[in-house]
Amino acid sequence: QVQLVESGGGLVQPGGSLRLSCAASGSAFRLFAMGWHRQAPGKQRELVADITSGGTINYADSAKGRFTISRDNAKNTVYLQMNSLKPDDTAVYYCNARSLTTYYTYNFTYNSRAGDWGQGTQVTVSS
């Protein structure tokens, strides 16, 4: 099991930027596929972006061209750089760690049983 701690959320104006960080415990971080999900009030949690141990990256359509996911295996950390933020991006953002098997089983979809989760960090985009 991987322990995950997110940080970097906050209040930002439309058009602004934020960088989220997720620090993971354990020496096996480099083997996990890491993802960022988000859940807006009254909506289902959705996968925003993920990155495999080999560096393969996927983005939701809503994130393409504005968000960038990256990882630093030496620091056991995954990042989500979010630019050109919109009010629709307001949500709690969750970090997720999946084994390679889980990654391919769930194929860029949300499932509460798919890997380990952080507690989340709130992102609010508002003027």
Side-chain angles (χ1 to χ4, degrees):
Q1 192 171 10
V2 181
Q3 307 297 321
L4 302 169
V5 179
E6 302 96 335
S7 61
L11 173 64
V12 63
Q13 292 187 341
S17 298
L18 281 176
R19 189 176 82 154
L20 306 183
S21 300
C22 172
S25 65
S27 59
F29 171 82
R30 61 182 178 84
L31 301 177
F32 285 92
M34 301 299 299
W36 286 97
H37 292 66
R38 68 185 182 186
Q39 188 164 17
K43 294 188 177 180
Q44 201 167 20
R45 194 173 299 188
E46 61 176 355
L47 184 50
V48 175
D50 64 15
I51 181 169
T52 67
S53 57
T56 299
I57 291 173
N58 298 292
Y59 293 104
D61 287 344
S62 59
K64 289 177 181 176
R66 300 188 300 125
F67 294 3
T68 302
I69 189 171
S70 61
R71 64 190 297 162
D72 186 336
N73 289 338
K75 295 183 178 179
N76 277 19
T77 301
V78 61
Y79 304 98
L80 185 68
Q81 177 67 43
M82 304 187 294
N83 299 328
S84 303
L85 283 162
K86 306 174 183 180
D88 283 351
D89 296 316
T90 296
V92 179
Y93 284 71
Y94 296 91
C95 183
N96 172 242
R98 298 180 175 185
S99 67
L100 198 59
T101 299
T102 302
Y103 170 83
Y104 283 113
T105 297
Y106 290 95
N107 193 25
F108 205 73
T109 58
Y110 164 69
N111 189 293
S112 62
R113 296 172 295 179
D116 298 311
W117 297 90
Q119 292 301 306
T121 185
Q122 175 70 47
V123 171
T124 302
V125 185
S126 175
S127 55

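Remember, predicted model here, so these are calculated numbers, not experimental data.
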Applying salt bridge (charged side-chain N to carboxylate O under 4.0 Å, His left out), can you list everything that pairs with D116, at least two apart in sequence or on another chain?
none

Quick one: pull up CD in Q122 and OH in Y93 and give me the separation to the nearest 0.5 Å.
9.5 Å

Backbone of Q3 reached by a side-chain donor or acceptor of S25 within 3.5 Å:
yes

Could you walk me through whether S17 and N83 pass side-chain hydrogen bond (donor to acceptor under 3.5 Å, both in side chains), step by step?
CA-CA 4 Å; S17 298; N83 299 328; 2.9 Å; yes

At what distance, to the nearest 0.5 angstrom, does CG of L31 lie from CG of L100?
9.0 Å

Looking at every non-hydrogen atom in both residues, tell me the closest pair between T52 and R71 and how far apart they are.
O-NH1, 3.2 Å

Is the shortest heavy-atom distance from the side chain of Y79 to the side chain of I69 under 4.5 Å?
no

Under a 4.5 Å side-chain heavy-atom rule over Ile, Leu, Val, Met, Phe, Trp and Tyr, are M34 and F108 clustered together?
no

From S84 atom OG to F67 atom CZ, the distance as rounded to the nearest 0.5 Å:
9.0 Å

Working to the nearest 0.5 Å, report the span between OG of S53 and CZ of R98.
14.0 Å

Membership question, hydrophobic clusters at under 4.5 Å side-chain separation (ILVMFWY): are L4 and L18 in the same one?
yes

Side-chain heavy-atom pair T121, L20 within 4.5 angstrom cut-off:
yes

Looking only at heavy atoms, what is the nearest atom pair of V78 and F29, with distance?
N-CZ, 4.1 Å

When rounded to the nearest 0.5 angstrom, what is the spacing between CG in N73 and CZ in R30?
8.0 Å

Does any non-hydrogen side-chain atom of P87 lie less than 4.5 Å from one of P14?
yes

For residues 44-51, which side-chain donor-acceptor pairs fall under 3.5 Å, sequence neighbours excluded?
from, atom 1, to, atom 2, distance (Å)
R45, NE, Q39, OE1, 3.3
R45, NH2, Q39, OE1, 3.4
E46, OE2, R38, NE, 2.8
E46, OE2, R38, NH2, 3.3
D50, OD1, N58, ND2, 3.0

Using side chain to side chain donor-acceptor pair (under 3.5 Å) as the criterion, list what pairs up with T105, not counting sequence neighbours.
none

Below 4.5 Å, heavy atoms only, C-beta onward: do Q81 and S70 meet side chain to side chain?
no

Is it the case that the side chain of T90 and the backbone of V125 share a donor-acceptor pair, with hydrogens and angles ignored and the cut-off at 3.5 Å?
yes

According to a 4.5 Å side-chain heavy-atom criterion applied to Ile, Leu, Val, Met, Phe, Trp and Tyr, with indirect links allowed, do V92 and L85 form part of one hydrophobic cluster?
no

State whether the number of non-hydrogen atoms from other residues, nucleotides or ligands found under 6.0 Å of Y104 atom OH is greater than 12.
no

What one should report as the nearest heavy-atom pair of T102 and S99 is OG1-OG, 3.0 Å

Main chain of T124, side chain of S126: is a donor-acceptor contact present, judged purely on distance under 3.5 Å?
no

Is there a side-chain contact between Q119 and V5 in this structure, where contact means two heavy atoms from C-beta onward sitting under 4.5 Å apart?
no

Under 4.5 Å between side-chain heavy atoms, hopping through other hydrophobics if needed: is there a path connecting V12 to M82?
yes

Hey, could you give me the OH/CH2 distance between Y59 and W36, rounded to the nearest 0.5 Å?
13.0 Å

Derivation and outcome, salt bridge (Lys or Arg N to Asp or Glu O under 4.0 Å), residues D89 and K86:
CA-CA 5 Å; D89 296 316; K86 306 174 183 180; over 6 Å; no

